[in-house]
**Student:** 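Dumping the structure here so I can ask a few things about it.
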Amino acid sequence: MIPATFDYTRPASVDDAVRALSDAGEDAKVLAGGQSLMPLLRMRLAYPDALIDVGRIGALREIRDEGDALVIGAMATHHEVIRDPLVREHLPLIARATETVADPAVRHRGTFGGSMAHADPAGDLPAVALALDAVFLVRSVRGEREIPAADFFVDWMTSAMEPDELLVGVRVPKLGSGWGVHYEKFHRTAQAWAIVGVACAVRRNGDGVEEARVALTNMGPAPVRASAVETAVSGRPASEDVFRTAAAQAAAGTEPPADLHGSSEYRAHLATVLTARALSAATGA
Amino acid sequence: MTVQEGDAVTTQEVGSPRKRSEDARLITGRTRWTDNMTPAGTLHMAFVRSPHAHARITRVDTSQAKGRPGVVAVFSGADLAEEQGSLPCAWVVTEDMKHPEHPPMAVNEVRYVGEPVACVVARDKYAAVDALEEIDIDYEPLPAVVDMDAALADGADLVHEDLGTNKSYTWVFENGDLDAAMRDAPVVIEREYIQQRLIPTAMEPRSVLCVPEDEDYTLYSATQIPHILRLMLATVTGIPEHRLRVVAPDVGGGFGSKLQVYGEEVLALLIARRLGRPVKWTESRSEGNMTVHHGRDQIQRLTLAAERDGRIRGLKVNLLADMGAYLMLVTPGIPLLGAFMFNGIYKMDALSFTCTGVFTTKTPTDAYRGAGRPEATFAIERLMDELAAELGIDAIEVRRRNWIAHEEFPYETIAGLTYDTGNYEAATDKALELFEYDKLRAEQADRRERQDPVQLGIGVSTFTEMCGLAPSRVLGSLSYGAGGWEHASVRVLPSGKVEVVTGSSPHGQGHATAWAQIAADRLGVPWEDVKVLHGDTAISPKGMDTYGSRSLAVGGVALYSACEKVVDKARKVAAHLLEASEQDLDFSGGRFSVRGVQQEGKTIQEVALAAFAAHDLPEGIEPSLDSDATFDPENFSFPHGTHLCATEVDTETGMVKIRKYVAVDDVGTVVNPLIVEGQVHGGLAQGIAQALYEEAVYDTEGNLTTTTMADYLIPSAADLPAFTTDRTETPATSNPLGVKGVGEAGTIASTPAVVNAIVDALRPHGVNDVQMPCTPERVWRALRGEAKPRAAEPGAGGGLGSAGGDQ
Amino acid sequence: MPRIRVEVDGATYEDEVEPRLLLVHYLRERLGKVGTPVGCDTSNCGACTVLMDGMSVKSCSVLAVQADGSDVTTVEGLGIDGTPHPMQRAFHEEHALQCGYCTPGMIMASLDLLRENADPSEEEVRDGLEGNLCRCTGYQNIVKAVRRAAGEMRDPAEQEVTP
Amino acid sequence: MELDHDFTVPVPVDQAWSVLLDVERVAACMPGATLDSIEGEEFKGRMKVKVGAMTITYRGSARIVSADESSRTVTMEASAKEARGSGTAAATVQAKLIDEGDTTRVTVHTKLNVTGRPAQFGRNILAEVGSKIISRFAKALEEELESSGTESSGAGAEGAAETEAESGASVTEITPESAAAPAAPEAAEASGAPEAPAEPQTAAAPAAKRERPLRVAREDDAIDLLEVAGPSVAKRAVPAVGGLVGLLVVFRLLTRRRRGRKKR
């Protein structure tokens, strides 16, 4: 299939980009890596008037250290994120989860920010951002604002960004020492979307769990934190039994979708199994 | 021609792992896919397709589209109604078979999602696709018919109102006294198995290019059947056959899906005729998933009666086979190809087979790799495992007690076929050894003991199949519309180089390599000196094309015969040149020599040159060695083998992982082991994919929800295991080469091996079936003891509308 | 219409293109580089894989305008003066193709794989090719071919390092 | 896809019945719908469904096919085609009123049939979007019926309030730090105050854009392309609005909206 026509601009700077976005009106779309957008265009499920290609704005590609956080430029590709020494050192969960996104060729083009802005509940990275309490840095001609991950993912493929806003980067607090991380992705074939995914970070204190962050992929129209699980493991011994018991609440309060790849009921079940496994893997238990 | 003659041949080429001559262009991108060709002036077609499973077309307004820039013409079905005819079905399986009209482009009514309704012809693809949006069509929706059982119920909504029923036919085959077999049988096993609907998914999407020249038309198509297509196009359109040339250039896989006469092919021809310009159409994958014929889709209701010792008494098979909305080229015959395979390799006293073809508002079904035989093999091989479980006998042992022993061949089966040769014991013993069966059984016991969340299962499939389609007399008895012969001709050029022309039409198998091996051996010329020509009705005027694992077993044998004729002709010329009698000539290594006087001889190249010069030929001999031959097999070929699969089943998530897969196949004499192994690998991948991944899913309203590869899951390298393959070799006695087909064997054998392994892992949990594809959710549900829900619940990797509408 | 400048298989092209023109269609229909085929419309199959500035991309999911200024290598650009590239040769030697439709993409993806991992294990090859579908081979011989090519490609490299 | 909704409104059955017979009012409950013209009994309009990067615009018509006063049942049919594709959408809505004295129980049974691309994916776009649209329709109908009881009280408040209270709240909820919509957060926090959301709506233009509810374009009005965005935003926002107060807000705003019909 073939995309419908659209106008195309390739701004050289963030300022130019947000201006172009503002001028283009609400039916414009930002073209980042295009790995989610291109299939939609080709299937004619999307009809943007204009594409603002931010692929050449070098500043958006940087991954920088801000002391207690990393700021990952929206246009850093998955490939770059996976290999970035800062990410690997301070935010290995992001590297791990990104490795599971699509396939190598898609990871060469697809971007960290693009995945976030697409806000696909089956995407792997939104749950990771949620688990890590990331903050989304958003620009428009009206200025700049920051949106915490908890507010960013609003609904099925819908983020809190306005049509005239551009995601410029994501600030992710470093986890510091003592944390173990894991992303447990469950899918039928290597290329397939996650039926359920669990992003997990656990800080251990000796044999016990001091703090846990657990966020779920594809367990609702947007990623969700399994806060009941987080609470249930905090302060408890890092053991499989504890994890299993706590994980039994993983699906509490979620509204998992039912589709070709899994029923709601099955997803709810999977969430419990996978959460226990993710906790174990993150703690080496 | 006798087997002894075959044995006399020195076999240096046949049996050697020749690297393929086809590869050079394929690895460098110098390919000739149909879509690669765009003659000057080519126009591009695009289709508006029905979004409805079933609807009346009340209005088609093409006026806006006609005004779009770059648009040359727009046609609705009504615009072509006078000339488009009806797509052919060549297999009228019963006298009273209901056989509806099937216009290439819908005129009054649409009966599946994706059926073409209107067509834009434009200067380029982009302009054509844009104009589709401007075509305005009104439909009056009619009820979708999705579920086969419901379709047969009284008062059911009808797919074809005028037929008065959704039943196309009921076809019955019976042999032996089934009632007696069932009466007081100590063991009776009843099962219902679902053969889900599959989408063949050749990597090359369909493509067709029609180039008109005066009153002649050359149609390039990604087809398996250029010869059949030419005849059918002539029949459908009334364009005389001799005005049509069909070319199958490089064809990127078929697996049965390109064994078809598609509406788009007919329309490309008609529109090229109307516009007097080349017309091309290439489908997109999502378009193709809706419109390439689908495969399988049967509900199998089975009753097996057996003795306490495991010996089978009889088998009753009741099939519902989903035809889809129309009968295409061989749609109704596909399930009947399985009729003779339900007994598998086993002896039994009675077999009763009843198949009902059912119309639904879905894409028509037709041949997909194995075509009827995988379904039958699945049924009997699954039942053998069920029987073993019922009796507490090892799955291998129960098979041993029933299979035809090697000394019993030739053996006439309960289905009336004569299996010429086979050695099930040898293949099984070899497979067990490679598999380390006992070791894995021990591990299985250990995991059961430990209540390991990951259980191990072992699945067995001791299969055979009938292939090498087909003896013409058999096809005739099954009311098939054509014969099953194949043609080949051999041209010996003046320089001694050889051109082989074959009626088989490859699409990835490697005919050019293997045929050259056969010819090189028979003629004693270097392999490099043989060029194989195919896939163009102007070059290869006679043929029955490629499907049903027939190329080598029928077409290869035709070539063998043609080569024999060349040698016979050459012998006459050589005898003349050597002033010896024919009987005194030996032919070996491409050289005729006078027996006892080895230094006196003529090479076949020298003889060819002499024949060309024609200066000194014996009386009554034409100046040519060229020969052709047509081979009509006297019997099918019956490859067999033993496949063993070990699966690890995660009982917490339902995820299945193949731990080990061993396939020992007996495909008779092997011409090229490299190619044979490749065929087995690819066949395994597709059979495993049916067991674990693939399903075409329709919702209750008849929408296909697996239109993309994101939803119709084709496994990648990361999803499949490494296979251990080996062979035993029991030559076929039905042809002089001793060969059997191999193209479908892997697919036929592997599906039940995988499912048997999954069920074996879960049997202690009370599970005796998991419906295909065995998605994690289905496995999980089976573990929870859930009966198969017939409700319209999504999920489970499947939905409604595929074979029976349950999931 | 935007004007783009692209180097493809060593030749430079400058063209005006519609923004919506897919790179693969640009290659096939404007440049006549039909060696790179299209197999799907959701970027699943990988048949259209090419290297863009040395990295594998699915050319059906890249706009021609996005390739402006890039260096694109297709399967047609491999090998030197008619001598096949070791990867192409390995695919032939190991019978890693049947119909050959996935082969251009498979070869390009395999080259990308070796760029990062010169000596991949069987499992690494399988994982690395997760984005390329083949319907004929069952992948077994593809995996063998990639590992064979890796071996052949490592050898000359080693010779260079240790003169 | 079949969906059932059931609610009770604090108006007598006769009053609710008269609303149900007003196709314009009922059609107006369809989120994202725009009315283009009224031809006799038939209402023509369009509906733009926008979810993330996906957009599908439908054009079609709606009409009452039966109204049985004795059983207090109205059946309405709507059918539409994609403006740029071959797909269709059809809905049959059967609303039944049950007299419960001062209140009326309403059951709404909807049969939704979508064809074409949105129905052709395993990721269930149809279920994700369709059911949410219908849920919002039922919710809006509930509000419309309730508003009929106090219609006069809202009359005359000229169209400042373009957004349902719940959407207003949701917008503010999801963009609490929107520089361009400084009033929005306050509006969210003050959602208990009936008038509060009205004011920020105009100020928070970009924010409100994504979450515009239905408006009906009059013959004398310019055609407005509207959209449904993030269909379950409303659902998420409901708790923020909360209980009876929220309902009151809804009811007031809707009343004014109906009177307002102001072009954006």
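Keep in mind that this is a model prediction, so the values were computed, not measured. Residue numbers start from 1 in every chain, and the chains themselves are labelled A, B, ... in the order their sequence lines are given, proteins ahead of strands.
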**Student:** Using non-hydrogen atoms and a 4.5 Å limit, figure out which bit of C:Leu78 sits close to chain B: side chain, backbone, both or neither.
**Tutor:** neither
**Student:** Heavy atoms only, distances under 4.5 angstrom: which of B:Glu677, B:His681, B:Arg25 has the most pairs with chain C? Name it, please.
**Tutor:** B:His681
**Student:** Heavy-atom cut-off 4.5 Å, strictly under: side chain, backbone, both or neither for C:Val125 against chain B?
**Tutor:** neither
**Student:** Do the charged groups of C:Arg135 and B:Glu694 touch, with an N to O distance under 4.0 Å?
**Tutor:** yes
**Student:** Do you know which two heavy atoms are closest between C:Gly35 and B:Thr31, and how far apart they sit?
**Tutor:** CA-OG1, 4.4 Å
**Student:** Determine yes or no for a side-chain-to-main-chain donor-acceptor pair under 3.5 angstrom, with B:Arg285 supplying the side chain and C:Cys45 the backbone.
**Tutor:** no
**Student:** Given that the side chain runs from C-beta out, which part of B:Leu720 has a heavy atom under 4.5 Å from chain C: side chain, backbone, both or neither?
**Tutor:** both
**Student:** If you count heavy-atom pairs within less than 4.5 Å of chain B, which of C:Thr103, C:Leu133, C:Thr74 leads?
**Tutor:** C:Leu133
**Student:** If you measure from CG on B:Asp711 to OG1 on C:Thr42, what distance do you get to the nearest 0.5 Å?
**Tutor:** 8.5 Å
**Student:** Of the listed residues (B:Arg32, B:Lys125, B:Glu287), which shares the most heavy-atom pairs with chain C below a 4.5 Å separation?
**Tutor:** B:Lys125
**Student:** Under a 4.5 Å cutoff for heavy-atom pairs, which residue among B:Ala202, B:Ala24, B:Gly252 has the most contacts with chain C?
**Tutor:** B:Gly252
**Student:** If you count heavy-atom pairs under 4.5 Å with chain C, which of B:Ala685, B:Gly288, B:Gly678 comes out on top?
**Tutor:** B:Gly678
**Student:** Counting heavy-atom pairs under 4.5 Å to chain C, which of B:Val251, B:Thr708, B:Thr201, B:Leu684 comes out on top?
**Tutor:** B:Thr201
**Student:** Using heavy-atom distances under 4.5 Å, tell me whether B:Pro200 contacts chain C through its side chain, its backbone, both, or neither.
**Tutor:** backbone
**Student:** Which region of B:Tyr126, side chain (C-beta onward) or backbone (N, CA, C, O), has a non-hydrogen atom less than 4.5 Å from a non-hydrogen atom of chain C, or is it both or neither?
**Tutor:** both
**Student:** Answer yes or no: is there a donor N or O on one side and an acceptor on the other, between the side chain of C:Gln88 and the main chain of B:Ile27, under 3.5 Å?
**Tutor:** yes
**Student:** Check whether B:Pro506 gets within reach of chain C through its side chain, its backbone, both or neither, counting any heavy atom under 4.5 Å.
**Tutor:** neither
**Student:** Looking at C:Val75, C:Asp127, C:Leu97, which has the largest count of heavy-atom pairs under 4.5 Å with chain B?
**Tutor:** C:Leu97
**Student:** Flag the one option from C:Gly46, C:Cys99, C:Cys134, C:Cys136 with the top tally of heavy-atom pairs under 4.5 Å to chain B.
**Tutor:** C:Cys99
**Student:** Could you list the residues that satisfy salt bridge (Lys or Arg N to Asp or Glu O under 4.0 Å) with B:Glu283, not counting sequence neighbours?
**Tutor:** B:Arg206
**Student:** For the interface with chain C, which of B:Ala710, B:Gly254, B:Gly253 has the highest count of heavy-atom pairs at distances below 4.5 Å?
**Tutor:** B:Ala710
**Student:** Hey, mind stepping through B:Gln679 and C:Gln98 against side chain to side chain contact (heavy atoms under 4.5 Å, CB included) and telling me if it holds?
**Tutor:** CA-CA 9 Å; B:Gln679 286 291 323; C:Gln98 290 177 30; 3.5 Å; yes
**Student:** Nearest 0.5 Å, what's the NE2-OG1 distance between C:His85 and B:Thr28?
**Tutor:** 13.5 Å
**Student:** Measuring from atom CG of B:Asp23 to atom NE2 of C:His95, what distance do you get when rounded to the nearest 0.5 angstrom?
**Tutor:** 7.5 Å
**Student:** Output the residues of residues 137-145 of chain C for which the shortest heavy-atom distance to chain B is under 4.5 Å, in residue-number order; output 'none' if no such residue exists.
**Tutor:** C:Thr137, C:Gly138, C:Tyr139, C:Gln140, C:Asn141
**Student:** Please classify the contact between B:Asp719 and chain C as side chain, backbone, both or neither, with a heavy-atom cut-off of under 4.5 Å.
**Tutor:** neither
**Student:** Can you tell which part of C:Glu122 gets under 4.5 Å to a heavy atom of chain B, answering side chain, backbone, both or neither?
**Tutor:** side chain
**Student:** Could you walk me through whether C:Glu93 and B:Lys19 pass the side chain to side chain contact (heavy atoms under 4.5 Å, CB included) check?
**Tutor:** CA-CA 6 Å; C:Glu93 296 289 334; B:Lys19 312 285 189 300; 3.1 Å; yes
**Student:** Please classify the contact between B:Ser284 and chain C as side chain, backbone, both or neither, with a heavy-atom cut-off of under 4.5 Å.
**Tutor:** both
**Student:** Among residues at least two apart in sequence or on other chains, which ones pass salt bridge (Lys or Arg N to Asp or Glu O under 4.0 Å) with B:Asp124?
**Tutor:** none
**Student:** For B:Val680, is it the side chain, the backbone, both, or neither that has a heavy atom closer than 4.5 Å to a heavy atom of chain C?
**Tutor:** neither
**Student:** Looking at B:Ala717 and C:Arg126, what are the two nearest heavy atoms and their distance?
**Tutor:** O-NH1, 3.0 Å
**Student:** Applying a heavy-atom distance below 4.5 Å, give me the residues of residues 21-28 of chain C that approach chain B, sorted by number.
**Tutor:** C:Leu21, C:Leu22, C:His25, C:Arg28
**Student:** Nearest heavy-atom pair of C:Asp41 and B:Ser286: which atoms, and what distance?
**Tutor:** OD2-OG, 3.0 Å
**Student:** Counting only heavy atoms closer than 4.5 Å, note whether B:Glu204 contacts chain C via side chain, backbone, both or neither.
**Tutor:** both
**Student:** Is a salt bridge present between C:Arg20 and B:Asp130, judged by a nitrogen-to-oxygen distance below 4.0 Å?
**Tutor:** yes
